[in-house]
There are 6 protein chains.
Amino acid sequence: MASKFLLLALLAITSSIALASDPSSLQDFCVADAKNSVLVNGLVCKDPKLAEANDFFFSGLHLAGNTSNAVGSRVTLVNVAQIAGLNTLGISIARIDYAPWGINPPHTHPRASEILTVLEGSLKVGFVTSNPENRLITKVLEKGDVFVFPVGLVHFQQNVGYGNAVAIAALSSQNPGVITIANAVFGSKPDISADILAKAFQVEKNTVYNIQSKF
Amino acid sequence: MASKFLLLALLAITSSIALASDPSSLQDFCVADAKNSVLVNGLVCKDPKLAEANDFFFSGLHLAGNTSNAVGSRVTLVNVAQIAGLNTLGISIARIDYAPWGINPPHTHPRASEILTVLEGSLKVGFVTSNPENRLITKVLEKGDVFVFPVGLVHFQQNVGYGNAVAIAALSSQNPGVITIANAVFGSKPDISADILAKAFQVEKNTVYNIQSKF
Amino acid sequence: MASKFLLLALLAITSSIALASDPSSLQDFCVADAKNSVLVNGLVCKDPKLAEANDFFFSGLHLAGNTSNAVGSRVTLVNVAQIAGLNTLGISIARIDYAPWGINPPHTHPRASEILTVLEGSLKVGFVTSNPENRLITKVLEKGDVFVFPVGLVHFQQNVGYGNAVAIAALSSQNPGVITIANAVFGSKPDISADILAKAFQVEKNTVYNIQSKF
Amino acid sequence: MASKFLLLALLAITSSIALASDPSSLQDFCVADAKNSVLVNGLVCKDPKLAEANDFFFSGLHLAGNTSNAVGSRVTLVNVAQIAGLNTLGISIARIDYAPWGINPPHTHPRASEILTVLEGSLKVGFVTSNPENRLITKVLEKGDVFVFPVGLVHFQQNVGYGNAVAIAALSSQNPGVITIANAVFGSKPDISADILAKAFQVEKNTVYNIQSKF
Amino acid sequence: MASKFLLLALLAITSSIALASDPSSLQDFCVADAKNSVLVNGLVCKDPKLAEANDFFFSGLHLAGNTSNAVGSRVTLVNVAQIAGLNTLGISIARIDYAPWGINPPHTHPRASEILTVLEGSLKVGFVTSNPENRLITKVLEKGDVFVFPVGLVHFQQNVGYGNAVAIAALSSQNPGVITIANAVFGSKPDISADILAKAFQVEKNTVYNIQSKF
Amino acid sequence: MASKFLLLALLAITSSIALASDPSSLQDFCVADAKNSVLVNGLVCKDPKLAEANDFFFSGLHLAGNTSNAVGSRVTLVNVAQIAGLNTLGISIARIDYAPWGINPPHTHPRASEILTVLEGSLKVGFVTSNPENRLITKVLEKGDVFVFPVGLVHFQQNVGYGNAVAIAALSSQNPGVITIANAVFGSKPDISADILAKAFQVEKNTVYNIQSKF
């Protein structure tokens, strides 16, 4: 249970993220007023006269995330939920920590492209094109290498070194969203019917039940 | 092999499709000139003076698709590849046929939201929200029912009746793209390493190899 | 008076619709909260935790619309007013029924392109390019045929068969808008001055008054 | 014939224009290379190193247009066809001259909102909302008055003074497009069938033929 | 003649303004409700049933602005703050008056391109491209001349005649924003540290203090 | 001369960058074909079948930039010019190195918002709001701190520690553009007239000539 929670949290944070284009700004900035009960596409703004430096600020991205979980990685998100000033600005970032051989499992960002920079370690990264090709484009990255994941495509990273790895990922939305494939498909609440997944993945229903029990 | 090909074709066509917002038009229309060697975001246009009714036309959506394949469904796409006049217009459609208990397997559209209408039969449909909730929102649809799949989210349909089912899906892009989860994750060319998928889905490597052999 | 009302209702529903590109989503979905007193570009959202399948659902598109009116057609709209979940998603659809020789009169959609599919019957369709060409691009469609109307252009359909005709139209906005030319120009409230319309259409003022009396 | 030509020319130029939002720029500027045979959404660019002041320049907007035509007005357009540097910038303008009691007949701009400023004279202006309301919002403007026409809506101006009138209209697209209602509906090439127009406007076919003969 | 000159001058006020692309409309119009306490990207709307002609109207652009100030120019803005109906429409205008040899000092518009028309007088105008070129593109304009300033670039105007000058500037946003370089850099509240500006402009700190004292 | 070149190069690279929203993708990716003679908004694409991992890759961001120049900083850009695969994806990044007390001088990004993360050292950062407020929002950042610069606003950074400082900046455009204020205003080619700058900054012409001689 705890590990499931950790995994979900981990995935929620996501790692490398691909993103799209948010609508343009109509004023200098629109600092999110997260406590307002009115909900819109994005977030409503606080009075611009009350905006202050802390609304554009986040602290702590130098701290390593805890990778003691099933996938051996941790994503620390810095999007509009962490920095209210990102509202309407179309960008966000994240730090990803990887234990040795840890992975950031296959996932998509429905609203953003992603550009990932390796700060430490070696990462095997890849993304898969859409139908009908499903071509895997993959590369091993070293410290200082940069790689791009186009918006909406399935992508992943794996630490292929013997030490920890760290990356910074920037994404083209204030709220890119993360869909971790395994969690969305085998860990939804409630479950997707096993007969659907058995046919989709061409496995026995028992295999589906088994995977579903892990998420 | 043949079934794999059929499945890929089927999935490539996709079924119900969710889509996003294409850039706005800058002229009345920009009929795609698919034979031009210059490639751009979208497609270059033919001379507007040479545009004719057939550039905005497609025939044959009343014909049932062949559902004799592993998933028991067939998607007939009508996007900018079929109607050149859709270029720059931000919309496309598709017909989906389902054999009894056939499924349109879990997939995403990276560039479009989708609105699906049931013409015949009964369909169980659903989509899953992004992390950390992964909530499944699902419903059984009958003839004349309409359902919406938001852009980029994983969704599926299953024929839950004893006869064939047919649906029309409209998508908010001239080229929504389809990522069939099983094909992208377990059927990419080349394969994603089994150790990555084993850890991502928390299964044995042999289970991964087994699923990969089907795609 | 009744016929005027019917016509207006009919036209309001519109038929085939051409549409543009809505702003992108900034979250998985933003189900419209139509009862909220705060009005924005589009609609404010309800709490996403309260979103449910019915927010993405509409029933009844298999039912024929009543075509007993002056133009002999009926449009059944399914946009954000009918499906709250369409808010921010950039798409909508409509069913159009045509009595024999009924028309969906010349109209524009200020915010959407349209892709129309004939489910039953034969339709003559057309759209007119903008100045200075004003070229009519027209075609007769049969069952299973698909046709596209680019955003903002004047277009129409006419049932040219002896039985009823039915079409499904998808549009590239959550709220495409419909401007029925005759109603906007000759049926506005209050009327556009007769001297303006007489000069614009190069007719006598009495002809203008006569047409205005019908709308 | 000549008057028809003049009218078309006049209308093509349009007057007051309402417009929408062009895609964003991806470089400082993209001066249109109108002679390039490659056609895209908008226009391809010339080498930016060859861009010069004249690419951003137009001369002659102080000159009165010739209003000796059927509607008594003349629109002088300054869009991407006149200033190549407007390509990708989402804006254009026009000068409109009105003879006494001349009109800029009802029209729409499929791709732009318009803001009109009266330089000389008195103008009655108005626009009509979409279905089902078709509400006319109208006002008489004097020198120095400004009025807005939202994108895609039918609008018009009439000189209601005894002298000439002049206005400047700015539009939110590099190529707003103009659809003059009378020309698009009664003057298309080829004609829209008289039976369609007779039913749409609820007049006799002979009335339709009569109006069509003027355009 | 003089009054016409004045009118022209009045309209120019603005400065020259370059602008970008606002998000698309999702309804006919969304008249800003400036008194609403809820703040969003742009502005919330008033009830469309209560919209009236005055919401789309502004008066007084024929009046010359007072140019008795340090730079010898005055910009009269007409954006969404002056015309509530401009909300969501992506356009605005301004009148600029220039005393003899007055300038509209170097500035940028973060959210709009600008198209400027000279109503009276002679203006030297120019804009500078971004790094690494920093090329000045400049021209002297006479009455009736039109010039374009691409979004976000530094630009300026100078009255190079012996009389007053007047221009009308249209901008591609409802709220283009103006960043006057001297005011933003040397007149911010609080001041930017003199050591930063001394190094940036390669001058002595005393020179910085001296300039700062003027703003 | 050499130092001027270095400074320009330095500034061109820029440092922290603020950015806007690029148009959406219409296919999985559109790898820039920089050698193609056809120029468009953004760049034309190479054949997607020829796309390979290296098209999405850049190496060397772990290497410190040379800060031996007049401002004591160096920006290493990674945008569409360095990674062709960034074309149409709306994102880019940069590394910025600062010598002790080095500055990234006041600049704007006309097409992007920026989110900056401090990897090493202490930075004083700030941005200034647009007219009429010109409010400076400023903060001192330490290692692991993140700060946001909204699109189009003037901003800067200064190393306020005794060692070197390093930051990673992500921007919301494939080609954000950099306008270094001092270079654009005092270093344009050709120069902006000294009388314009003297009036704009309220200094003697000799002061203008002196600053211009440095750029």
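Here the structure is a predicted model, which means the values were calculated and not measured. We name chains A, B, ... by the order of the sequence lines, and we start the count at 1 in each one.
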Undergrad: Within residues 122-130 of chain F, which residues come under 4.5 Å of chain E, heavy atom to heavy atom?
TA: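 Listed by number: F/Lys124, F/Val128, F/Ser130.
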
Undergrad: Could you check whether any side-chain N or O of E/Asn69 sits under 3.5 Å from a backbone N or O of E/Val71, counting only pairs where one atom can act as donor and the other as acceptor?
TA: yes

Undergrad: Heavy-atom cut-off 4.5 Å, strictly under: side chain, backbone, both or neither for E/Ile192 against chain F?
TA: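 Backbone plus side chain of E/Ile192, per the 4.5 Å heavy-atom cut-off to chain F.
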
Undergrad: Identify whether the distance between the nearest side-chain nitrogen and carboxylate oxygen of F/Asp97 and F/Arg95 falls below 4.0 Å.
TA: yes

Undergrad: Which bit of E/Thr138 is near chain F, if near means a heavy-atom gap under 4.5 Å: side chain, backbone, both or neither?
TA: neither

Undergrad: Could you tell me which of E/Ile137, E/Asn210, E/Val154, E/Asn183 has the largest number of non-hydrogen atom pairs under 4.5 Å with chain F?
TA: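 Ranked by contacts with chain F, first place is E/Asn183.
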
Undergrad: Rounded to the nearest 0.5 Å, what separates atom NE2 in F/His155 from atom CG in F/Leu136?
TA: 13.0 Å

Undergrad: Chain F heavy atoms under 4.5 Å from E/Val185: which part of the residue, side chain, backbone, both or neither?
TA: side chain

Undergrad: Kindly write out the residues that satisfy salt bridge (charged side-chain N to carboxylate O under 4.0 Å, His left out) with F/Lys199, not counting sequence neighbours, or none if the list is empty.
TA: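 By the salt bridge (charged side-chain N to carboxylate O under 4.0 Å, His left out) rule, F/Lys199 matches no residue at all.
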
Undergrad: Report which part of F/Gln202 has an atom under 4.5 Å of a heavy atom belonging to chain E: side chain, backbone, both, or neither.
TA: both

Undergrad: Side chains of F/Ile179 and F/Pro110, heavy atoms from C-beta outward: is any pair under 4.5 Å?
TA: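 Yes; the side chains approach each other to less than 4.5 Å.
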
Undergrad: Heavy-atom distances under 4.5 Å only: say whether E/Thr207 touches chain F with side chain, backbone, both or neither.
TA: side chain

Undergrad: For F/Tyr98, does its backbone N or O pair with a side-chain atom of F/Thr67 as donor and acceptor, under 3.5 Å?
TA: no

Undergrad: Could you give all pairs that pass the ring-ring contact (aromatic ring centres under 6.0 Å, His included) test and reach residues 173-208 of chain F, with sequence neighbours left out?
TA: E/Phe186-F/Phe201, E/Phe201-F/Phe186, F/Phe186-F/Phe201

Undergrad: If a pair satisfies salt bridge (Lys or Arg N to Asp or Glu O under 4.0 Å) and one of its residues is in residues 203-215 of chain E, list it, with sequence neighbours excluded.
TA: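 The answer is none; no pair qualifies.
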
Undergrad: Which heavy atom in E/Ile196 sits nearest to a heavy atom in F/Pro106, and how many Å separate them?
TA: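 What the structure gives for the nearest pair is CG2-CD, 4.5 Å.
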
